[in-house]
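Below is one structure, written out as C-alpha cells, with a few remarks after it.
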Amino acid sequence: MAEMPISQALYDRATKVMPGGNTRTTVYMKPHPFYAAHGKGCRLTDAEGVERIDFTNNYNSLIHGHAHDGINEAVHAQIERGSAFPMATEQEIRFAELLCERILSFDQIRFCNSGSEAIMTALKAARAATGKPKIAKCEGAYHGSYDFAEVSLDSTPESWGNADPKSVAYAKGTPQSVLDEVVVIPFNKPEEAERILRENAADLACVLVDLMPNRAGLIPATPTFIAMLKRIRADTNVLIVLDEVITLRLSYGGGQELFGIRPDLSAIGKIIGGGYPVGAVGGTEAVMRVFDPTQGKPLLPHSGTFNANPVTMTAGEAAMQHFTATEIDRLGALGDRARDGVATAFADAGVPGQVTGLGSLFRIHVHNRPLIDYRSSLMTAAEKTLLGSILSHMRDHGIFVNERGVCSLSTPMGDTEIDQFLDCFNNALHTVGDASRAAE
Ligand SMILES: Cc1ncc(COP(=O)(O)O)c(C=O)c1O
C-alpha cells in the first residue's frame, strides 16, 4: 500500500476510541483502513484525495454508485418532512407494493434495518410457522451476524473432517445449544445435502440458502441442487428461506426468478436501501401471517424503532425504480465482458486463476481447482497472499476492490470503466506474476 499519512493519522485517533480502531471488521485492513472522503457515481475519493473506480460499492449495496441525483432529490425532500415517526407512513406501503410486485414469491413484506436482521427475522418466522426448532444452512455461506446463521461460516480442513459438514462455532462464546440447532449441508452437493436434510426433517423449520454465496466462492447453485431443495420442500414440512441480500440484483425479480425457485421466505437488503441501512423479509401469506397483530399477540412479534423509516423507504423506492430490467441486462452484459477479460488476462499472464459470478457480480480466484462449493474455493495462505498483492496493486492504480476479490458493478459504469478495470488487472497480474517467478 502506498504511503497514506492522513489515513494513518485518522487511524491513530480511531484506535483510542474503538477496539482496533474499528467498528466494522470488513473494512479493516493492515496497516490501517481506507478512509472515505466523498463519492460520486462510480468514483470514490479517499481522505488523501485519491480517486478510484469503486468496484466494491459498499459491499455490493450501492447499485447506483455514490450520491445518485434521483435518490438524493427524493431523500432531501423527505428529510425536510421528518426522518422518523411513531406512526406508520405511506412511504412504507408504496415501497412494499413495489417490492411485492417485483418479487413473485412476496405476497407480503416486513422491513427492518440490516440484512443480518432480515435473516434473523426470516429464521424466527420459519420456526414460528412450523413449530420446529432447527435450521439448516450451507457450509461457508455468510448470512450476517445472527449467531445461528454464522455457524460453520469459516470451517477449515482441521474442523470439517472427512464426513458430513459439522456445526462449527464462528465466534468465541457461541453456546453449544446454538450449534445443536443448526444442521450444516454442503453447497452444490445435492445427494449429501438431501440425505442430511431428510435425516433431520422432523426437527427442521427451514433450509437457508444463498443461490450464489459470495464468501463460499460466488459459485451459482446448480440446477440439481435447486431441484433437490424443491423435492425436500415438497416431501417434508421444511420451508425454503432464500438469502437474497446480494442476489436480488441478478434479475428484475431477484435470484429466485433467474434460478427458477419459489421460496417460502426471503431476506433482502443492500440495494433496496438506496444507500441507507435496510433489510426486509418477504414471503407467502401463509408464512407471513406469523407477524400479523390483528388477532392479539402475533406468533412472532416483530418491532424496531427505525423499521420502515421513511428516509430509507424513500431512498429505496427511488433506487429500485431506477434499477430497471434494461439496466439489469446492460450491467449483466458488462459483467460478462469483465469475466471474459479476467479469464483472458489470467491466460495471457500465465498466472493460474479463474473467475466466478453472474450478472453484475464477479469474483477473482487465483487457482485452477474446479470450483463447486466453499471447500473448493477456500484459499490457501499462499493464494491469499497472491490475491492480496494483485488487489493491493489495483488499489494503488485507481481501482477499489475489497480484500476477497468480490467485485460488483453499478449503473454509472459503462465499457470505459470495465476497460480500466481490465487494464489495471492485466498490469497487476504481470507485475505480481513477474515478481513471483523471479522469487522462484
Ligand atoms: C449474503 C448476505 N447475507 C446477509 C448479509 C448481512 O447484511 P448486513 O450487512 O446488512 O447485515 C450480507 C452482508 O454482506 C450478505 O452478503
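What you see below is based on every heavy atom in this structure, not just the backbone, and it leaves out hydrogens, waters and symmetry mates. In each ligand, atom 1 is the first atom listed, and ligand 1 is the first ligand listed. Small disclaimer: the values here were computed from a predicted structure and weren't measured.
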Task: Protein contact of atom 16 (O) of ligand 1 - nearest heavy atom, named by residue and atom, plus distance - done: Ile246 CD1, 3.2 Å
- [ ] Examine Glu117 against ligand 1 and note whether any of their N/O atoms are separated by less than 3.5 Å.
- [x] no
Open item on the list: Checking a contact table here: which protein heavy atom is nearest atom 9 (O) of ligand 1, and how many Å away?
Closed with: Ser116 OG, 4.5 Å
Task: Ser114 neighbourhood, listing ligand 1 atoms whose heavy-atom distance to it stays under 4.0 Å - done: 10 (O), 11 (O)
Open item on the list: Quick check: Asp210 and ligand 1, any N/O pair under 3.5 Å apart?
Closed with: no
Open item on the list: Please list all pairs meeting side-chain hydrogen bond (donor to acceptor under 3.5 Å, both in side chains) that have one or both residues in residues 190-200, counting only residues at least two apart or in different chains.
Closed with: Asp164-Arg195, Glu194-Arg198, Glu194-Arg231, Arg198-Asp235
Task: Proximity to ligand 1 by part of Asn214, non-hydrogen separation under 4.0 Å - done: side chain
Open item on the list: Test your reading of the structure: does Val245 have an N or O sitting under 3.5 Å from an N or O of ligand 1?
Closed with: no
Task: 4.5 Å side-chain heavy-atom contact, Ile53 and Arg43 - done: yes
Open item on the list: Please report whether ligand 1 has a polar contact with Lys270, defined as an N or O pair separated by less than 3.5 Å (distance criterion only).
Closed with: yes
TODO: Answer yes or no for atom 3 (N) of ligand 1: protein heavy atom present at a distance under 4.0 Å?
DONE: yes
Task: ligand 1 atoms in contact with Gly115 (distance to a heavy atom under 4.0 Å) - done: 6 (C), 7 (O), 8 (P), 10 (O), 11 (O)
Task: Residues Ser105 and Gln256: side-chain donor-acceptor under 3.5 angstrom - done: yes
Task: Check ion pair Arg249-Glu327 (N to O, under 4.0 angstrom) - done: no
- [ ] Consider ligand 1: state whether an atom of it lies below 4.0 angstrom from any non-hydrogen atom of Tyr142.
- [x] yes
- [ ] Could you grab the distance from atom OG1 of Thr89 to atom CZ of Phe95, nearest 0.5 Å is fine?
- [x] 11.5 Å
- [ ] Taking atom types as modelled, find out whether Ser377 and His365 have a side-chain donor-acceptor pair closer than 3.5 angstrom.
- [x] no
Open item on the list: Here's one to test your reading of the geometry: is the NZ or CZ of Arg24 within 45 degrees of the ring axis of Tyr59 and under 6.0 Å from its centre?
Closed with: no
TODO: Can you see which heavy atom on Val184 is nearest to which on Cys138, and at what distance?
DONE: CG1-C, 4.2 Å
